[in-house]
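Only one structure is covered here, and it is reproduced in the block below.
Just so you know, residue 1 is the first one in the sequence shown, and it goes up from there.
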Amino acid sequence: MNRIAQGLTLVLLGAAALTSTVATDLYLNWVKPSFGPFLIAAGVVMAVLGVLVIAAELRGERKEAATGGGADGAEGAGQADPGDHHGHADGHGHDHSRAPGVAWLLLLPVLAVFVVAPPALGSYTVESTAGSSGPPPEQPRSGRFDDELAEAVAGEVVEMDIRQFVMRAWVDEEREMAGREIELTGFAVPASEGEGWYLARLQMSCCAADAIVNKVRVLGEPAPETDTWWTVRGTWVEPEGEISEVSEHEFEALEMEEVTDPPDPYE
């Protein structure tokens, strides 16, 4: 791998970062939207550096050719130093100006980004995670919930994130969701045992590596195809006893509609 190939690798990495942020929304499969500007900046820097490396190498080759630094220069150098039996100034018998051939393998992950872009986390992550996320720590009552349930009029369908629904179901001792029609959107996950299936969404702080699962067991409708996205309208199945002791919250579906995957699959 010569310096032109090294520069090309930088250009490809920069192009991959820009393609997933500027041309498409693919980066939302791996990081939060706030990271977009940083990825764009990194892509521009890598692409520019790669172009500069390639341009510098081409200028050096043209200069060498113009000054007779090809075969004639090598012959002159050999005559000037009769003690050099290897024909190289480093005296080791191999050329340090080129990286080992195995370095070409560095191009494989770069090309893979263009050919096979990793999808967002889905049902496999939910099934391999033990249980749902636990209830959040106790907070002051003021500003405790960030949904629109309190502002909605009686009889109005309230749209919630699954994260918001789970928080209410675990810590709202007033049980304000009881009897209210709620609309949730997420992807379908089969239940390994028991009735119903799961509507799930993943919540992340910065990137997919720290994602946690928010899910609710859906009753009253047959399980759809795994990893398909659905908007489900229904009601919270109010549990008996202390809600903080419930291990899994249930949702009685009244109506459901398949939807396309959202650009940002995380909450």
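- Judged by distance alone, the side chain of W197 and the main-chain N or O of E225 form no donor-acceptor pair under 3.5 Å.
- Shown are M177, M167, R180, E183; of these, the side-chain contact (heavy atoms from CB on, under 4.5 Å) with M160 is made only by M177.
- Classification of the W170-H249 ring pair by plane angle, with boundaries at 30° and 60°, yields perpendicular.
- In this structure, CZ in R59 is found 15.0 Å from CD in E64, a value given to the nearest 0.5 Å.
- Contact detail for W229 and T260: the closest heavy-atom pair is CB-O, 4.3 Å.
- Side-chain contact between V126 and K215 is present, with heavy atoms from C-beta onward closer than 4.5 Å.
- Within the 4.5 Å cutoff, the side chain of P239 has no heavy atoms near those of the E250 side chain.
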V158 vs D147, side chain to side chain contact (heavy atoms under 4.5 Å, CB included): CA-CA, chis, key distance, verdict: CA-CA 9 Å; V158 182; D147 54 57; 5.7 Å; no
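- Residues R168 and A150 approach most closely at NH2-N, 4.1 Å, considering heavy atoms.
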Worked check of salt bridge (charged side-chain N to carboxylate O under 4.0 Å, His left out) between K32 and D210: CA-CA 11 Å; K32 293 182 74 68; D210 64 21; over 6 Å; no
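- The CD atom of Q164 sits 10.0 Å away from atom CD of Q203, with the distance rounded to the nearest 0.5 Å.
- Counting non-hydrogen atoms of other residues, nucleotides and ligands closer than 6.0 Å to CD of E257 gives a total of 12 or fewer.
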Stepwise side chain to side chain contact (heavy atoms under 4.5 Å, CB included) test for D172 and F145: CA-CA 9 Å; D172 186 7; F145 305 113; 3.7 Å; yes
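- Hydrophobic clustering of Ile, Leu, Val, Met, Phe, Trp and Tyr side chains at less than 4.5 Å, counting indirect connections, unites V232 with L149.
- Here the straight-line distance linking atom CD1 of I40 with atom OG1 of T21 works out to 4.5 Å at 0.5 Å rounding.
- When side chains are defined from C-beta on, D25 does not count as touching D264, because their heavy atoms never get closer than 4.5 Å.
- Counting all heavy atoms, side chain and backbone alike, A191 lies closest to G196 at CB-O, 3.4 Å.
- Taken to the nearest 0.5 Å, the CG atom of D227 stands 13.0 Å off from the OH atom of Y124.
- In this structure the side chain of S20 reaches within 4.5 angstrom of the side chain of W30, judged on heavy atoms.
- The main-chain N or O of T185 is never found under 3.5 Å from a side-chain atom of T231 such that the two would form a donor-acceptor pair.
- Going from atom CD1 of I182 over to atom CD of E159 covers 11.5 Å, rounded to the nearest 0.5 Å.
- Counted by atom type alone, E248 and Y198 present one or more donor-acceptor pairs between their side chains at under 3.5 Å.
- No donor-acceptor pair closer than 3.5 Å links the side chain of D161 to the backbone N or O of R163.
- More than 12 heavy atoms of other shown residues, nucleotides or ligands fall within 6.0 angstrom of atom CD in E258.
- Following chains of ILVMFWY side-chain contacts shorter than 4.5 Å, one cannot reach L13 starting from L18, and the two form parts of different hydrophobic clusters.
- Proximity of a side-chain donor or acceptor of R217 to a complementary backbone N or O of E195 within less than 3.5 Å is detected.
- Neither V246 nor L199 shares a network with the other; the hydrophobic side chains, linked directly or stepwise wherever heavy atoms of I, L, V, M, F, W or Y lie under 4.5 Å apart, form separate groups for each.
- Smallest separation of non-hydrogen atoms from V11 and A47: CG2-O, 3.8 Å.
- Judged purely by atom type and a 3.5 angstrom limit, Y266 uses its side chain to pair as donor or acceptor with the backbone of N29.
- The same ILVMFWY cluster, assembled from side-chain heavy atoms under 4.5 Å apart, contains both L28 and L26.
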Verdict with reasoning, V213 to L202, per side chain to side chain contact (heavy atoms under 4.5 Å, CB included): CA-CA 5 Å; V213 175; L202 287 109; 4.1 Å; yes
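- Between R201 and P265, the closest heavy-atom pair is NE-O, 2.8 Å.
- Minimum interatomic distance between G50 and L10 (heavy atoms only, all atoms of both residues): CA-CB, 3.7 Å.
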Pair W236-F165, side chain to side chain contact (heavy atoms under 4.5 Å, CB included): steps then yes or no: CA-CA 9 Å; W236 174 44; F165 177 89; 3.6 Å; yes
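- Under the 4.5 Å side-chain heavy-atom criterion for grouping Ile, Leu, Val, Met, Phe, Trp and Tyr, I243 is connected to V171 within one hydrophobic cluster.
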